[in-house]
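Keep in mind the model is a prediction, meaning the values are calculated, not measured. Counting starts at 1 for both ligands and their atoms, following the listed order.
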Amino acid sequence: MRTPIIAGNWKMNLTLAESIELVDGIRYGFQFPGEVDVIVAPPFLCLPKLVEHLRESYIGVAAQNLFFEDSGAFTGECSGKQIRDVGAEYVIVGHSERRQYFCETDEIVNKKLKAAFRNGLIPIMCVGETLEEREKGEVSAVIGRQLAVGLLELTVEEVSRLIIAYEPVWAIGTGKTATPVQVEDVHRLIRFSLSIKFGGQTSESVRILYGGSVKPSNSKELLSLPNVDGALVGGASLKAPDFVEIIKGAS
Ligand code: PGA
């Protein structure tokens with residue numbers, strides 16, 4: 001049995017005060033950890049305070065990105081070592097907005113995954129196709145490439161700790177959600193690719209989240225799919241009642 005994960009990706013939103021208010025709202029709305037792992041991914045500047053604030057709580061903290069070197073002359077970047085140092089446990093890697101606006105390639109994603117593992121962080125690796133790629137029938141080729149290059153040289157032990165988020169680019173922030181059939185198809189494909197490369201036992205242990213316009217009204221159905229082990233939630237994670245409702249649906 002894989003414990004479901006509900007992760008909130010706050011993106012470039014919320015001040016420190018607002019972020020504290022949001023997690024307090026989540027804890028007020030959902031007081032018992034239950035059988036679900038809850039994670040929030042605030043902006044870098046909120047990480048230290050939020051980790052401190054959430055110590056002893058059931059909410060884990062993720063960074064939204066990291067650089068692949070551990071230190072050095074890389075103005076404006078944060079390393080896995082620094083993220084671990086402030087006490088965050090997880091890091092999102094290869095989100096489609098990073099790929100789209102910050103030119104992140106699969107090779108960079110691979111380096112970042114290695115940096116995350118090297119520093120004791122659990123990466124949430126994002127994969128997903130654009131609308132154009134889906135319309136051209138390239139979904140499996142795109143996902144296959146993102147996994148093949150992204151996971152290059154990772155060990156079986158590392159991959160068994162990995163979290164993957166399937167986020168079709170066309171469903172992110174658009175209000176359009178992939179259908180349950182589309183979601184389950186890709187999740188099954190991801191698990192199958194993992195089993196070929198890393199073995200059945202590893203592939204069965206990896207938690208695969210769906211992301212892209214997840215909200216209370218569609219989360220239950222998506223979370224009930226056999227290969228969906230949780231959700232990476234953007235917009236709806238910024239409202240405590242909506243996020244709580246999604247958590248309850250998973251627990
Ligand atoms: P969304 O974002 O839920 O607002 O579509 C999801 C994500 O980008 O992780």
**Student:** Any donor-acceptor pair under 3.5 Å linking the side chain of N218 with the backbone of S213?
**Tutor:**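 Present.
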
**Student:** Count the heavy atoms belonging to other residues, nucleotides or ligands that lie under 6.0 Å from CD of E107, then report whether that count exceeds 12.
**Tutor:**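 Buried by this count: over 12 neighbours within 6.0 Å.
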
**Student:** Assess, by modelled atom type and distance only, whether the side chains of Q100 and H95 contain a donor and an acceptor separated by less than 3.5 Å.
**Tutor:**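 The answer is no; no qualifying pair exists.
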
**Student:** Y166 vs H187 aromatic rings, parallel, tilted or perpendicular, using cut-offs 30° and 60°?
**Tutor:**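 Geometry flag for H187 against Y166: perpendicular rings.
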
**Student:** Run through all N or O atoms in ligand 1 and write down each protein N or O closer than 3.5 Å, as a pair with its distance.
**Tutor:**
{"residue": "ligand 1", "atom": "2 (O)", "partner": "K11", "partner atom": "NZ", "Å": "3.3"}
{"residue": "ligand 1", "atom": "3 (O)", "partner": "S213", "partner atom": "N", "Å": "3.4"}
{"residue": "ligand 1", "atom": "3 (O)", "partner": "G234", "partner atom": "N", "Å": "2.8"}
{"residue": "ligand 1", "atom": "4 (O)", "partner": "G235", "partner atom": "N", "Å": "2.8"}
{"residue": "ligand 1", "atom": "5 (O)", "partner": "G173", "partner atom": "N", "Å": "2.6"}
{"residue": "ligand 1", "atom": "5 (O)", "partner": "S213", "partner atom": "N", "Å": "2.7"}
{"residue": "ligand 1", "atom": "8 (O)", "partner": "K11", "partner atom": "NZ", "Å": "2.7"}
{"residue": "ligand 1", "atom": "8 (O)", "partner": "H95", "partner atom": "NE2", "Å": "2.7"}
{"residue": "ligand 1", "atom": "9 (O)", "partner": "H95", "partner atom": "NE2", "Å": "3.3"}
{"residue": "ligand 1", "atom": "9 (O)", "partner": "E167", "partner atom": "OE1", "Å": "3.3"}
{"residue": "ligand 1", "atom": "9 (O)", "partner": "E167", "partner atom": "OE2", "Å": "2.7"}

**Student:** Quick check on the 6.0 Å ring-centre criterion: do Y58 and F30 meet it?
**Tutor:**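 Between F30 and Y58, which both carry aromatic rings, the centre distance is below 6.0 Å.
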
**Student:** Show me the pairs that pass side-chain hydrogen bond (donor to acceptor under 3.5 Å, both in side chains) and involve residues 17-26, at least two apart or across chains.
**Tutor:**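 Sorted pair list: T15-E18, D24-R27, D24-H53.
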
